[in-house]
Amino acid sequence: MRQGAYATGHYRNLLQEYGYAPEAIDARVEACWEGLFGDAPDTRIYYEAGEDMGYLLDTGNLDVRTEGMSYGMMMAVQMDRKDVFDRIWRWTMAHMYLEEGPNAGYFAWSCLPDGTRNSNGPAPDGEEFFALALLFASHRWGDGDEAPMDYGRQARKLLQACIHKGENGDGFPMWNPDNKLIKFVPNCEFSDPSYHLPHFYELFAKWAEPEDRDFWREATSASRDYLPLACHPVTGLAPEYAHYDGTPNDERGYGRFFSDSYRVAANLGLDAEWFGGDPRHGEIAERILAFFADKSPDDYRRYELDGEPLEEKSLHPVGLLATNAAAALAAPDSAHARAALRLFWETPLREGDRRYYDNCLYFFSLLMLSGRYRIWEPRQA
């Protein structure tokens, strides 16, 4: 298995390797940041609130989600924008942090833009992104003296809640304590393949509280083993929901390939970039690239895992083509990798009501493919 950037310090700029000019790549990164976080009305998803807060709006559902807020924090730390990071984190703590009830210590997954909660339940994909974004912020900028800007402490506290809640009858953990797999929501016993981020857990195993590090090492291996079970052996497609044995959980149709599933391809790519990847994951990435090689984004659909197209069109075709391109980091020698990157490069940010999810996935994929999605380690004393 090849070594990744954590060991070598070298982040692949696959776009440059495939012939795109460094200046054009850098300009695209800056333009995309401005498109999402600036004032362009057709592409922006970030809005300031008051003197010191800000939020990312799900423009299709007109709410603020922990998914988007944690994504925004990760984007901001990668782009060295502490001002934006802090605004998002203050809004999150002011409106989403749950201090009472069975979900105390987690974050309400959906709020209105004025901060009113739509739910008092959490979604674990937000918590795992919050934790790593906070650790990166701690390492890149240093911790503040007072909560909640003591980023590292906040991250470790959150990770403790994620795995220890329920031990005193006070709710449910976000990871199953026996098989070490992430849940779809804490009070259920099934998973979402797109939530599996073994490359995050590798870092949690280094920087979480010492007594929790063995858990995260086990979770890393468990997730790497889980993804080949959940992805189809021919198409590479993953369901949105899956049981712990990897079989699809078709609750309300979520056992098929649709919006959540797109993120699996990008996750395979980032794991390969940071830690070298797993050969089994490279095979999955190749299958995904091959499956979509002859399909037009205009006709992307919901699919059965074996590839049978269903009537429903993709809600987020730009996000799908972007994550497919990111999968090339796990399978750079695939016959279809260059075509996937070319399609991505030639596609602009999405405009319109559905732009939020697409453009988040687009920007993350661009950071990955340009070598700008980096591990920020603790400062040397």
Side-chain angles (χ1 to χ4, degrees), residues 32-79 81-101 103-134 137 148-149 151 154-155 158 161-162 174 184-186 192 194-195 259-260 262-263 315-316 319 349-364:
C32 285
W33 170 266
E34 286 301 317
L36 272 60
F37 290 86
D39 57 6
D42 294 329
T43 58
R44 71 180 298 185
I45 57 175
Y46 171 73
Y47 298 85
E48 291 190 353
E51 294 184 358
D52 63 356
M53 296 187 192
Y55 61 85
L56 277 77
L57 179 69
D58 181 335
T59 55
N61 295 290
L62 300 180
D63 66 348
V64 179
R65 303 185 171 203
T66 51
E67 169 194 77
M69 298 295 273
S70 61
Y71 283 4
M73 288 166 59
M74 182 63 79
M75 294 171 188
V77 75
Q78 295 297 335
M79 295 295 289
R81 288 296 302 269
K82 187 176 185 299
D83 57 328
V84 173
F85 185 101
D86 286 351
R87 280 181 171 272
I88 298 171
W89 182 229
R90 288 190 193 100
W91 200 103
T92 300
M93 288 299 294
H95 301 300
M96 295 178 141
Y97 186 66
L98 297 165
E99 299 189 34
E100 299 177 342
N103 292 314
Y106 296 149
F107 296 88
W109 77 273
S110 173
C111 292
L112 296 176
D114 66 4
T116 304
R117 289 179 190 157
N118 291 322
S119 169
N120 284 313
D125 58 333
E127 269 71 0
E128 57 187 348
F129 263 88
F130 280 137
L132 191 58
L134 287 163
M149 298 308 170
Y151 308 126
Q154 296 293 330
L158 176 57
C162 286
M174 289 192 164
F184 175 65
V185 292
D192 178 325
S194 76
Y195 286 12
S259 301
D260 267 21
Y262 305 170
R263 299 179 292 194
L315 293 175
H316 304 288
L349 288 171
R350 185 171 182 180
E351 299 180 353
D353 292 344
R354 286 286 179 184
R355 66 186 183 272
Y356 151 80
Y357 188 62
D358 295 79
N359 289 348
C360 284
L361 299 185
Y362 187 103
F363 191 55
F364 276 140

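Along the sequence shown, residues are numbered consecutively beginning with 1. Below, each value reflects all heavy atoms present in this structure, side chains not excepted, and no hydrogens, waters or symmetry copies.
- The two residues P148 and Q154 have their closest heavy-atom pair at O-CG, 3.5 Å.
- Counting all heavy atoms, side chain and backbone alike, R44 lies closest to G38 at NE-O, 3.3 Å.
- Counting heavy atoms from C-beta outward, N61 and Y356 have side chains that stay 4.5 Å or more apart.
- Closest non-hydrogen pair, M174 versus P186, comes out as CG-CG, 3.9 Å.
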Pair M74-L132, side chain to side chain contact (heavy atoms under 4.5 Å, CB included): steps then yes or no | CA-CA 8 Å; M74 182 63 79; L132 191 58; 4.0 Å; yes

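- Ring pair Y55/W91 is tilted by interplanar angle, where 30° to 60° counts as tilted.
- By the 4.5 Å heavy-atom criterion applied to side chains, L134 and W89 are counted as neighbours.
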Please test T66 against F130 for side chain to side chain contact (heavy atoms under 4.5 Å, CB included), starting from the C-alpha separation and ending with a verdict.
-> CA-CA 8 Å; T66 51; F130 280 137; 3.9 Å; yes

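- The side-chain contact (heavy atoms from CB on, under 4.5 Å) search around E48 returns Y46, R87, not counting sequence neighbours.
- Scanning both residues, L62 and P113, for their nearest heavy atoms gives O-CD, 3.7 Å.
- Between the side chain of E127 and the main chain of F107, a donor-acceptor pair closer than 3.5 Å is present.
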Check step by step if side chain to side chain contact (heavy atoms under 4.5 Å, CB included) holds for I45 and L57.
-> CA-CA 5 Å; I45 57 175; L57 179 69; 5.6 Å; no

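- Here the CE atom belonging to M75 is positioned 9.0 Å from the CD1 atom belonging to I88, to the nearest 0.5 angstrom.
- Listed for the R355 side chain is a donor-acceptor partner under 3.5 Å among the backbone atoms of G352.
- Rounding to the nearest 0.5 Å gives a distance of 6.0 Å between CG of L36 and CG of L349.
- For the side-chain contact (heavy atoms from CB on, under 4.5 Å) test, residues two or more places apart in sequence or in another chain that qualify with N103 are L98, Y106, P122.
- Counting only heavy atoms from C-beta outward, the side chains of D42 and R350 never approach each other to under 4.5 Å.
- Sequence neighbours left out, the pairs with a member in residues 52-76 that pass salt bridge (charged side-chain N to carboxylate O under 4.0 Å, His left out) are D52-R90, D58-R65, D63-R65, E67-R263.
- Taking the six-membered ring where the residue is Trp, Y151 and F85 present perpendicular rings, their angle passing 60° and hence far from 30°.
- Applying the salt bridge (charged side-chain N to carboxylate O under 4.0 Å, His left out) test to residues at least two apart or on different chains, none of the pairs has a partner in residues 107-118.
- The heavy-atom pair separating C32 from Y362 by the smallest distance is SG-CE2, 3.6 Å.
- For D83, the salt bridge (Lys or Arg N to Asp or Glu O under 4.0 Å) partners at least two apart in sequence or on another chain are R81.
- Without hydrogens or angle criteria, D125 side chain to Y195 main chain gives no donor-acceptor distance under 3.5 Å.
- Listed here is the closest heavy atom pair of T59 and D353: OG1-O, 2.6 Å.
- There is a side-chain donor-acceptor pair under 3.5 Å between S119 and W109.
- Between F37 and V84 the shortest side-chain heavy-atom distance falls below 4.5 Å.
- Note on ring orientation: taking the six-membered ring where Trp is involved, the planes of Y71 and F129 are perpendicular (angle over 60°, cut-offs 30° and 60°).
- Enclosure of atom CG in D39 is not indicated, since only 12 or fewer non-hydrogen atoms of other residues, nucleotides or ligands lie within 6.0 angstrom.
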Evaluation steps, side chain to side chain contact (heavy atoms under 4.5 Å, CB included), between V64 and L56 | CA-CA 6 Å; V64 179; L56 277 77; 5.9 Å; no

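- Taking E351 as the reference, nothing meets the salt bridge (Lys or Arg N to Asp or Glu O under 4.0 Å) condition, with sequence neighbours excluded.
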